[in-house]
Amino acid sequence: MSSSEIYNKFESISTTNPKKKYDVYLSFCDQDTASSFISHLYNSLTLEAEAVVFWDNQRFKTGDPVTITHSHSVLNIIGKCKIVIILFSFNYTKSRFCLQELDKIIDCCGTTDGLIVVPLFYDGLYPGYGTLHRGLYGEGFRDFVHRMSIKDTSKEEDKFMTWVAGNSKATTYSGSVDILNQYGNESEYIEDVVEHVTCVLNKRDLFSAFYTESTASRAQDVIQLLKQSTCPLIIGIWGMTGIGKSTIAQAIYDQIGPYFEDKCLLQNVRRYWNEGNGLVSLQEKLLLHFGIPSIESGRVILKGKLQHKRVLLILDSVDKLEQLDALCGSREWFGEGSKIIITTRDRHLLREHGVDHIYGVKELDESESHEIFNWCAFSQASPPKDFVELSRQVVSYSGGLPLALKELGRFLHGKGVLEWNGVLRSLERFSIPVPHLLEILEKSFSDLRTKEKQIFLDIACFFIGMNQNDVLQTINNRSTQCTALQISLLEDKSLVTIDENNKLQMNVMLQAMARDIIKRESSNKIDQPKMYDVFLSFRGDDSRAKFISHLYSSLNNAGIYTFKDDDEIERGDQISISLMRAIGQSTISIVVLSTNYANSRWCMLELEKIMEIGRSKGLVVVPVFYEVDPSEVRHQKGQFGTQFEDLISTISVDESTEINWRRELSNICGIAGFVLIDSRNESADIKNIVEHVTHLLDRKELFVAEYPVGLESRVEAGTMLLNIEQSEDVLILGIWGMGGMGKTTIAKAIYNQIGNKFDGRSFILNIREFWETHTNQVSLQQQVLCDVYKTTTFKISDIESGKNVLKERISKKRVFLVLDDVNELDQIKALCGSHEWFGPGSRIIITTRDFHILRSCRVDQVYTIKEMNESESLELFCWHAFKQPNPTKDFATHSTDVVTYSGRLPLALQVLGSYLSDRSLTVWQKVLEKLKRIPNDQVQKKLKVSFDGLKDDTEKQIFLDIACFFIGMDRNDVIQILNGCGFFADIGVKVLEERSLVTVDNRYKLRMHDLLRDMGRQIIYEESPFDPENRSRLWHRDEALDILSKDKGTEAVKGLSLEFPIKNTVGLNTKSFNKMNKLRLLRLAGVKLEGESKYLSRDLRWLYWHGFPLTYAPAEFQQGNLVSIELKYSNLKQVWKKSQMVLENLKILNLSHSRYLTKTPDFSYMPNLEKLVLKDCPSLSAVSNNIGSLHKLLLINLTDCTGLRKLPRSIYTLKSLETLILSGCSKIDKLEEDLEQMESLTTLIADKTAIRKVPFSILRSKNIGYISLCGFEGFSRDVFPSLIRSWMSPLNNAISLVQESSSMSSLGTFKDLLKLRSVCVECGSNLQLTQVVAIVLDVLKATNCHKLEASAKVTTSKSSDMCASPLIDECLSLVPISGSNIYSKSLLIQIGTKRQVSNITEDSMLQTADGAWDMVFDPSNNKTNWFTFSCKGYSIIFDVPRVKGSNLKSVMFVVHYSSMDNITLEGCPGVLIINYTKKTILVYRRDTLTSFEDDDWKSISSNLEPGNKVGVIFVFGENFVVDKTTVNLFID
């Protein structure tokens, strides 16, 4: 641009400054510059620019001032000048006086207002754009920069850049203007310098002469950002296509580029990349260094070349992170003061690279837009008079986009008014008339992925100006997933904006581009996603008020999503893009043909499009002939035909269009529809239309999942629970799991698979969300009825009446109903009140996160969603990330890391996979690093629904406490602690479990999904994002340490965790806790506190201190509100030397692994203790005797207390104790008989001890459940048989614990076991009695199998008055059966008072008798009563007779049996006497039967008391057949 053009563009402004003596000061090195050049420059400035130039004749003659005095006087002149011209040359910095001048100039720049420095260049090279090259002439200017920078000691502001920014407003460097050797002659160069100085003196913005005011302004905005630090700064210039990013970058380069040691503007990186040249070629282009072997080599070369230099690097039009990684990998590549500018359409790319600032380029305002457009359209600042309004309209449609303004201006340049009007009509229809402009804009669209493209087009056509939340709900209801993420991506790519009211906006040019794309797609694509159920086509003048509104509302009431155009103004000649798209996205089109329908060009265009899409894409067309005869439509006759002819004659249409319209009118009459002429019941007609459409919309399939990984097995499991083939009962199945587990997906798949087997079906989606956001909850009841009956005749006025209607109607059908995402019981009551509502064989599925709801509504089955396994999780993630089942090689490890982070949650796998798709490895690494600190928004939003659904604030507090501190802790311990905080945790934790927010593992530890944990912690983080001390809970070590070490604690902190490895112990002062007076949870590890414990909060409920450093806890350390004290791995020798406070609230004391602890504390000061854990305390030698005062103690764990020799006797008085663990107490050798006093004891574990004798008294405890002792362990019901086997078989040395007869006192060594005579088992119920009998019988039979190989001798003893041994005779009737080797035998056993049995009586007793069972009274002695009971088989049951004044004296058992061989007595190993009245079992070994003693008789007689119901069972082994059993009672 010439000087005259510059002056024509800008008006002169007076710049006289009375304080300045000179206009210009010249600084130069005479050794490098010819005298003619300096003289020429001086003369031109004084004569042409009329500038007052300081001229030192003495210096010109001698080179440097000859005296110091003269030198100072010359330098002082600099501060009195407006401009200093520095003529840089190779020897400039070698001149002593030049260096002094340079120092003075720099000083004056900082102290003198308005001093402007203009550097000139006398020699050197200045290559073109695209390559790093020397800036302002080598060493001279570099030294100037260094001197300016060395005075800048602040890292927060780049003072040199500040100087450059200020100076550059009055200077410009465009191409080769600054380089003398690129001018044809010296005069041209001096002419430009003089012009430059003239502009500066007159304060004309020379920069704006080359660029528009808008570009200059925006360039200055960016330059101001560059001043903020001396460290290398990376600035991103971000905006949509055509917004002027590259122009601004070019302007910045021209304006400040010469001030940098090296500079490069690498233009259009994206295009160069797309041409296939690759990153190496870009590096070569940047460096002018060919033959770079690899990207990494190029990175090394770049870093080595740049890291010590002040560099200006501009990377224009970047669209891949790999490009940035290869060309400006990190700030460490560049020297101090370097500036890197990146232009891009993708803000996400800038954030991933970690730029310091992002400058978003805004659209031009109206005046700026007119400036650009007018210069391009008319080559002048203002439009001609005839084009003023046209220009205004074109500019208004350009949306302030510089590219559009330039292209439209150039396109219209020189054209007439008619052509301008044609362009305006296109713009009014949102169509872009300039192909080149459309092509450029579409590049940003083509870079999108499929989902992003779809959402962009939807927004452009339907959702401009709508609230983002409403848009999300609308699109998500249409099965578009991850919409929020996609909108965010579109915003990052400058295609969508979200205003301050959360409404979606889009540049008008982008809207026009979108509609042009849709127009092409509508003619090319076979299928379009269906967004509407019905598209209504009608002529408003004819039918809107009368009919359409009624039809439209009826369709909507039936749940049919209908598109109806409310815009009656026909814009232009073409059908609107939105209507065209709506037709293509509809399943059915209802065409209401009325009298004047064919008189509307708009309607005919609609009809033409509807019929076209009906033929090509399957759009179902339903004609409604409203007050018009179909034959008139078919032939265009009558009034309908007249209206059509009027249209043809009024508008200009070509012959082919008219033919098409006539054909379509004829074709639509061939489609079955509805004829409504003189209808008397319009409501009935509309009802018929709606029912017809409802049947047409009977869709068989619901969208399930894009990638159904692992779905088949889960659907099969759920379907099996429904049992649809076998049962005609009504069955309700609950599908339960945490958010994001796939409950809805599974329910949809089941619905698709079996739904057609029912009379009617309905799937009600997202009930929770609908219930929360809609007041018309009755519509859900109506939807069920509409889905099942395919009709809208049912009218429901309110929820309660709706229940009755549903019950009445649905009970008549076999129905399949799915209620999705239920979170309140009222929802179930409203939609499926009970089983009786449904017909036989109906099935109902309820999906929910709340197990309590399923329990409350009494579902028949619950299907708990199982977590995906590792391979399923990886496959699902890979499908979304790579569109294949396996990760690519370079991403395998990172894929596994993402799957691990996701916790195998399908929602997280899908969201993260989609997000990372097509991203670089660097992005993956940064995303993973970010996820460690900040959870993914989309996943968290879904999971937070369960948290927000908690009604009670205490439940939310419990969840947050668990998420931050209690994961992995014992459930009961946590409940105790939180109960101490007043949270009613018994109920609260249960609610969290029911809502899938917390789980309990098989060790009774609390667990939480990692993403739920992160969600909880994010909630805490959001309490105060930037001030951690104001958060309620602190768990990040760095934050907690910072707050404590700087004494920044506040009363907001309720819980704190600070943990370090023991070897890296950190010291703090207790005063750090002084302000945390609401602290109730404290977890420390590897921390040493100095100072008084009184500074700890009195609200403290839980103290966990791993590695407690003191040997004695301070007396003031006793906090009265503490519920749990856990001092594991402490240095304690004794807890307190002297207790001063009663810890009434203390429930848990855990001093495990305190290796120096010698004695337990005084338990009298903790009366409510429930859990005492002293594991691995090897120095502990005694337990305080007052432990017996702990009447609420439930558990004692003394595992591995190897120094403990015995337990205090008082410990046996603990009636509340449930668990006693002594494993590893190697010096404890005895348990006292008093153990039976522990009546609540359920678990006894005493492995690896010196115990050899176990008191049998423990077996009298009815609560003992688990035993582990002397190598045997298990539940008592399992351990019991082991004892019986050991007792019955001397060869078996298994030892265990069972209840025993009162005659025995202890069971210990194997020798003692052989002396065991009998066992008495006391049972608590008839069920237990039956179970124990079965166990004993199995054991005795199994034992006998090993003994049949050998026979034992029958031993008899001499009789005594009280029968020292019973009468036993086995050979009284040993009779072989004729013809076989089977022997019939009889066994007779008499116990009690010896009575001589006569031969007659004995014979009668031994005779075989028939009958089920007999009772025989022996009359041989009138004073003696014999009662005989007999029964076939080996057992007998009888009632002991009542004989007044008499007692049982003797019992005789007679057993008739047979065997294959002459097997002796060992065939009967034992006898069971069962007292059903007392619920006792007596078990006698065969050895005992041969040698009864007094105590044995007492045991039997006490179990045969008058009136008792008694059973006797004789146990025989294999090869024995018992024919008959007889019992004789002798009562005297």
When you measure from the centre of the six-membered ring of Phe816, is the NZ or CZ of Arg761 under 6.0 Å away and within 45° of the axis? no
Does CZ belonging to Phe674 count more than 12 external heavy atoms closer than 6.0 Å? yes
Report the residues that fulfil salt bridge (charged side-chain N to carboxylate O under 4.0 Å, His left out) with Glu994, sequence neighbours left out, ordered by chain and then residue number. Arg855
Parallel, tilted or perpendicular: which describes the rings of Trp879 and Tyr707, with under 30° parallel and over 60° perpendicular? parallel
Evaluate the criterion side-chain contact (heavy atoms from CB on, under 4.5 Å) for residue pair Val534 and Tyr561; output intermediate values, then yes/no. CA-CA 6 Å; Val534 170; Tyr561 193 48; over 6 Å; no
Any donor and acceptor pair, going by atom type alone, linking the side chain of Arg843 with main-chain N or O of Asn723 inside 3.5 Å? yes
Report, as yes or no, whether the 6.0 Å neighbourhood of atom CD on Glu1022 holds more than 12 heavy atoms from other residues, nucleotides or ligands. yes
Can you see which heavy atom on Leu722 is nearest to which on Ile754, and at what distance? CD1-CD1, 3.7 Å
Look up atom CG in Leu978 and atom CD1 in Ile962, then write down how far apart they are to the nearest 0.5 Å. 6.5 Å
So do Ile845 and Leu819 actually touch side chain to side chain, heavy atoms under 4.5 Å? no
Side chain of His1009, backbone of Gly903: donor and acceptor closer than 3.5 Å? yes
Run the side-chain contact (heavy atoms from CB on, under 4.5 Å) test against Asn804 and tell me which residues pass, sequence neighbours left out. none
Between Asp821 and Thr847, is a side chain to side chain donor-acceptor pair (under 3.5 Å) present by the stated rule, with each step listed? CA-CA 5 Å; Asp821 198 13; Thr847 75; 5.7 Å; no
Qualifying residues under salt bridge (charged side-chain N to carboxylate O under 4.0 Å, His left out), relative to Asp820, sequence neighbours excluded: none
Quick check against the 3.5 Å criterion: does Thr848 have a side-chain atom that pairs as donor or acceptor with the backbone of Val822? yes
So salt bridge (Lys or Arg N to Asp or Glu O under 4.0 Å) across residues 1009-1020, not counting sequence neighbours, yields Asp1010-Arg1013
Derivation of the side-chain contact (heavy atoms from CB on, under 4.5 Å) call for Leu619 and Thr587: CA-CA 6 Å; Leu619 174 69; Thr587 303; 5.8 Å; no
Counting distance only, does the side-chain N/O of Ser902 pair as donor-acceptor with the main-chain N or O of Arg904 below 3.5 Å? yes
I need the His550 NE2 to Leu555 CG distance, nearest 0.5 Å. 10.0 Å
If you define the side chain from C-beta out and look only at heavy atoms, does anything of Met1008 sit under 4.5 Å from Thr999? no
Take Ile796 and Leu785 through the side-chain contact (heavy atoms from CB on, under 4.5 Å) test and state the conclusion after the steps. CA-CA 10 Å; Ile796 299 175; Leu785 289 172; 3.8 Å; yes
Pairing of Glu872 and Arg714 as salt bridge, 4.0 angstrom limit: yes
Set out, in order, the CA-CA distance, both residues' side-chain angles and the distance that settles side-chain contact (heavy atoms from CB on, under 4.5 Å) for Asp798 and Ser801, then state yes or no. CA-CA 6 Å; Asp798 55 64; Ser801 62; 3.1 Å; yes
Gln781 side chain to Ala830 main-chain N or O, any donor-acceptor pair under 3.5 Å? yes
Looking at every heavy atom in both Leu721 and Val862, which two are closest together, and how far apart are they? CD1-O, 4.3 Å
Taking C-beta and beyond as the side chain, do Ile846 and Leu733 meet within less than 4.5 Å on heavy atoms? no
With a 3.5 Å distance limit and no angle check, can you tell me whether Ser811 reaches the backbone of Glu808 through a side-chain donor-acceptor pair? yes
For Lys503, all residues meeting side-chain contact (heavy atoms from CB on, under 4.5 Å), sequence neighbours excluded: Asp499, Asn501, Gln505
Contact between Leu876 and Pro906 at the side-chain level, heavy atoms closer than 4.5 Å - yes or no? yes
Got a sec, which residues hit salt bridge (charged side-chain N to carboxylate O under 4.0 Å, His left out) with Glu800, two or more places apart in sequence or on another chain? Lys803
Side chains of Glu836 and Val730: closer than 4.5 Å at any heavy-atom pair? no
Restricting to side chain to side chain donor-acceptor pair (under 3.5 Å), what partner residues turn up for Gln861, sequence neighbours left out? none
What is the minimum heavy-atom distance between Leu905 and Gly739, and which atoms define it? CD1-O, 3.6 Å
With Lys829, which residues qualify under salt bridge (charged side-chain N to carboxylate O under 4.0 Å, His left out), at least two apart? none
Compare every heavy atom of Val899 with every heavy atom of Ser873, then report the nearest pair and how far apart it is. CB-CG1, 3.6 Å
Please examine the side chains of Arg849 and Asn823, heavy atoms only from C-beta on, and report whether any two atoms are closer than 4.5 Å. no
When rounded to the nearest 0.5 Å, the distance separating CZ of Phe763 from CD of Gln783 is 10.5 Å
Would a distance-only check, ignoring hydrogens and angles, find a side-chain to backbone donor-acceptor pair under 3.5 Å from Lys812 to Gly839? no
Taking all atoms of both residues into account, what is the closest heavy-atom pair of Gly1016 and Leu960, and its distance? O-CD2, 3.5 Å
Is the side chain of Ser679 donor-acceptor paired with the backbone N or O of Leu676 at a distance under 3.5 Å, no angle test? no
On a heavy-atom basis, the closest approach of Ile724 and Arg814 is O-NH2, 3.4 Å
Decide yes or no for Leu825 and Cys857: does some side-chain heavy atom of the first lie under 4.5 Å from some side-chain heavy atom of the second? yes
Residues passing the side-chain contact (heavy atoms from CB on, under 4.5 Å) test with Asn467, sequence neighbours excluded, are Asn469, Asp470, Asn502
Salt bridge (Lys or Arg N to Asp or Glu O under 4.0 Å) pairs, two or more places apart, involving residues 947-962: Glu824-Lys951, Lys944-Asp948, Asp961-Arg1033, Asp961-Arg1080
Residues at least two apart in sequence or cross-chain that pass side-chain contact (heavy atoms from CB on, under 4.5 Å) with Lys1005, listed by chain then number, are Asp970, Asp1001, Arg1003, Arg1007
Check whether any side-chain N or O of Ser589 sits under 3.5 Å from a backbone N or O of Phe535 as a donor-acceptor pair, and report yes or no. yes
Please confirm whether the backbone N or O of Val815 pairs with a side-chain atom of Ser842, one donor and one acceptor, at under 3.5 Å? yes
Would you mind reporting whether Leu817 and Cys832 have side-chain heavy atoms less than 4.5 Å apart? yes
Please list all pairs meeting ring pair (Phe, Tyr, Trp, His ring centres under 6.0 Å) that have one or both residues in residues 833-857, counting only residues at least two apart or in different chains. Trp736-Phe851
